[in-house]
There are 2 protein chains.
Amino acid sequence: MSRASDRAYSAIRNMILSGELPAGAQLGEEALAELCGVSRTPVREALRRLEADMLVDRTDTQRTFVADWSISDVADAFELRAMLEARAARRAAERMTDATLARIKAANRALLDAIQQPLPDVAGFLESNREFHGIILEVAGSRRLSALLGTLVEQPVVLRTARHYTREELRRSHAEHEELTAAFARRDGAWAEAIMTSHILRAYHAYADAHRARLDAGLTQEAAE
Amino acid sequence: MSRASDRAYSAIRNMILSGELPAGAQLGEEALAELCGVSRTPVREALRRLEADMLVDRTDTQRTFVADWSISDVADAFELRAMLEARAARRAAERMTDATLARIKAANRALLDAIQQPLPDVAGFLESNREFHGIILEVAGSRRLSALLGTLVEQPVVLRTARHYTREELRRSHAEHEELTAAFARRDGAWAEAIMTSHILRAYHAYADAHRARLDAGLTQEAAE
DNA sequence: CCGATGGCATTTGTATACAATATTCATGTC
DNA sequence: GACATGAATATTGTATACAAATGCCATCGG
């Protein structure tokens with residue numbers, strides 16, 4: 001990650017995910033180059049990668065903007081993610097080894113630790129959650145599946161919403177992970193697939209509810225951050 | 001498609017899909033630049049896009065090679081494609097309009113025409129087939145689904161195998177398209193999804209059988225072309 | 001006042017030069 | 001003879017200059 005184009009990619013990506021670069025903002029290559037302390041060449045490369053990630057949009061005349069995720073875009077992404085992660089879970093269950101099962105259990109223990117802090121450690125939760133899902137994807141053993149899911153997991157608004165998860169919601173995630181672990185222990189692909197589908201779709205509705213609540217409170221998305 | 005980087009992308013992509021650049025061949029930026037008549041800059045951009053398409057691989061030290069699709073890679077791609085196109089078919093059935101249905105029927109009529117030539121017009125078949133699947137994807141109305149499928153449809157070896165389809169296999173494709181059209185006419189998403197799954201998986205097995213036959217004949221993949 | 005037109009400013013695209021890194025091959029040492 | 005070492009070579013990464021295109025704004029004509 002020391003190449004200039006990688007630094008530019010991470011920097012711009014983080015600014016988009018954090019909301020520092022708001023949806024709809026124009027991304028001029030020169031301006032970004034200055035921000036990242038590199039020349040336009042690596043910035044251009046970074047922008048193309050972000051375009052493939054669908055984090056930025058380009059107009060017909062080659063101007064680049066921060067992608068504006070409508071609520072239906074988010075729903076679309078979650079629906080596809082549910083299908084793909086469920087497939088990954090099924091494959092993982094069918095190929096599960098005891099060693100991998102131990103890693104999965106460890107990840108979910110770490111996740112529980114993060115939740116049980118006096119103040120829930122959301123960053124730690126997200127990290128363990130990423131680890132948990134990452135192991136499953138690894139065991140599923142499909143490069144393509146991993147690649148496809150790559151563009152679906154990180155969504156700007158959703159990530160920011162995660163910070164507001166209640167302890168109850170975090171606990172629910174942990175419980176679902178435990179159930180997934182049980183399905184893996186039994187090598188039951190159909191069960192794992194079903195739990196994963198419901199796990200992702202529940203997360204989607206948690207987000208959608210929070211989103212609606214903010215709208216009802218008469219706040220704009222910006223103000224709610 | 002007049003920008004130099006687009007031309008480079010198409011040129012290199014075609015050389016890979018046609019087999020002119022064989023699997024495993026190293027892709028030097030300078031050499032490709034000369035081949036395409038452009039400088040290294042657009043070639044680099046093209047290579048990044050091809051990497052995202054998984055048509056080329058890069059080593060840990062940034063060297064680029066034509067991706068080598070093992071039979072299990074092909075199986076993996078088909079499995080995912082079946083899942084995603086089936087989902088698209090379901091969504092399309094649920095959103096079908098009479099106007100779109102007419103376009104789908106027209107595409108399949110064109111496909112039948114291509115088949116019924118004295119010598120089956122495989123290029124025409126492939127074109128109509130692309131059109132047929134393209135309309136479904138369009139009606140499915142999910143940018144992400146389209147994007148994900150984009151990297152799965154064109155597979156180097158498979159495309160070359162298509163040339164050897166028998167008239168019987170082509171007819172079978174047409175019949176399955178007809179059945180899909182019936183499901184669309186009824187707006188029956190579950191039916192459309194099931195037919196599409198079986199349509200893609202049958203195509204996969206047709207390829208796998210042909211592949212095996214070539215191996216049994218003691219031919220290398222190259223020699224069989 | 002509205003819309004079209006032309007030219008200036010800005011932005012993106014491409015080529016090229018140079019820097020950094022990887023590979024190769026010859027050389028020397030054990 | 002095998003392996004490590006290190007220059008020579010080849011390849012990729014980045015910066016920059018310039019070309020092409022796009023957008024903006026002022027001016028002009030209706």
Side-chain angles (χ1 to χ4, degrees), chain A residues 1-16 20-68 143 147 150-151 156, chain B residues 1-16 20-68 143 147 150-151 156:
Chain A
M1 226 282 287
S2 66
R3 274 173 23 270
S5 63
D6 290 335
R7 275 185 293 131
Y9 174 75
S10 294
I12 300 170
R13 188 165 179 279
N14 286 338
M15 288 191 284
I16 293 174
E20 192 176 338
L21 285 171
Q26 179 163 3
L27 298 172
E29 295 175 358
E30 196 120 28
L32 291 174
E34 190 134 357
L35 264 174
C36 302
V38 299
S39 79
R40 276 179 52 215
T41 309
V43 167
R44 284 174 63 79
E45 201 175 308
L47 286 177
R48 298 298 156 82
R49 285 167 67 185
L50 291 164
E51 189 191 354
D53 294 345
M54 300 189 81
L55 287 175
V56 309
D57 281 335
R58 296 175 80 191
T59 65
D60 49 352
T61 90
Q62 311 300 107
R63 251 94 205 177
T64 310
F65 301 84
V66 176
D68 192 0
R143 269 175 70 218
T151 70
Chain B
M1 224 286 285
S2 66
R3 279 181 9 274
S5 63
D6 290 335
R7 276 185 292 129
Y9 174 76
S10 293
I12 300 169
R13 189 166 178 278
N14 285 338
M15 288 191 284
I16 293 174
E20 192 176 338
L21 285 171
Q26 178 161 5
L27 298 172
E29 295 175 357
E30 197 120 29
L32 291 174
E34 189 134 358
L35 264 174
C36 303
V38 299
S39 80
R40 274 181 55 215
T41 309
V43 167
R44 285 174 63 79
E45 200 175 306
L47 285 177
R48 296 300 154 81
R49 287 168 66 186
L50 291 164
E51 189 191 353
D53 294 345
M54 299 189 81
L55 286 176
V56 309
D57 281 335
R58 294 175 81 191
T59 64
D60 50 352
T61 89
Q62 311 300 107
R63 249 95 216 188
T64 310
F65 300 84
V66 176
D68 192 0
R143 269 175 71 217
T151 70

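To find a chain, count down the sequence lines: A is the first, B the second, and so on, and within it residues start at 1.
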So does R58(A) get a side-chain nitrogen or oxygen closer than 4.0 Å to the phosphate oxygens (OP1/OP2) of dT11(C)? no
In whole Å, I'd like the distance from the CD atom of Q26(B) to the P atom of dT11(D). 7 Å
Hey, does L47(B) reach any base, or is it just sugar-phosphate, or nothing, if we go heavy atoms under 4.0 Å? nothing
In short, F65(A) meets L27(A) closest at the heavy-atom pair C-CD1, 4.1 Å
Would you call R13(A)-D6(A) a salt bridge at under 4.0 Å N-O? no
Nearest-Å distance, OH (Y9(A)) to P (dG13(D))? 17 Å
Between dG13(C) atom P and R49(B) atom CZ, what is the distance in whole Å? 11 Å
Of E29(A), E51(A), E30(A), which is the lone residue that meets salt bridge (Lys or Arg N to Asp or Glu O under 4.0 Å) with R44(A)? E29(A)
Rounded off to whole Å, could you give me the CD-to-P distance for the E30(A) and dT12(C) pair? 9 Å
In whole Å, I'd like the distance from the CD atom of E34(B) to the C1' atom of dT11(D). 15 Å
List the protein contact pattern of nucleotides 15-23 of chain D with one symbol per nucleotide (5' to 3'): B for base contact, S for sugar-phosphate-only contact, - for none; contact means a heavy-atom distance under 4.0 Å. BB-----SS
Distance check needed: dT12(C) P versus R44(A) CZ, whole Å only. 8 Å
Which whole-number value in Å describes the distance from R3(B) CZ to dT12(C) C1'? 9 Å
Got more than 12 heavy atoms from elsewhere within 6.0 Å of CD, E34(B)? no
Quick check: are there more than 12 heavy atoms from other residues, nucleotides or ligands sitting under 6.0 Å from CZ of R58(B)? yes
Kindly compute the distance separating CD (Q62(B)) from CG (L47(B)), expressed to the nearest 0.5 Å. 12.0 Å
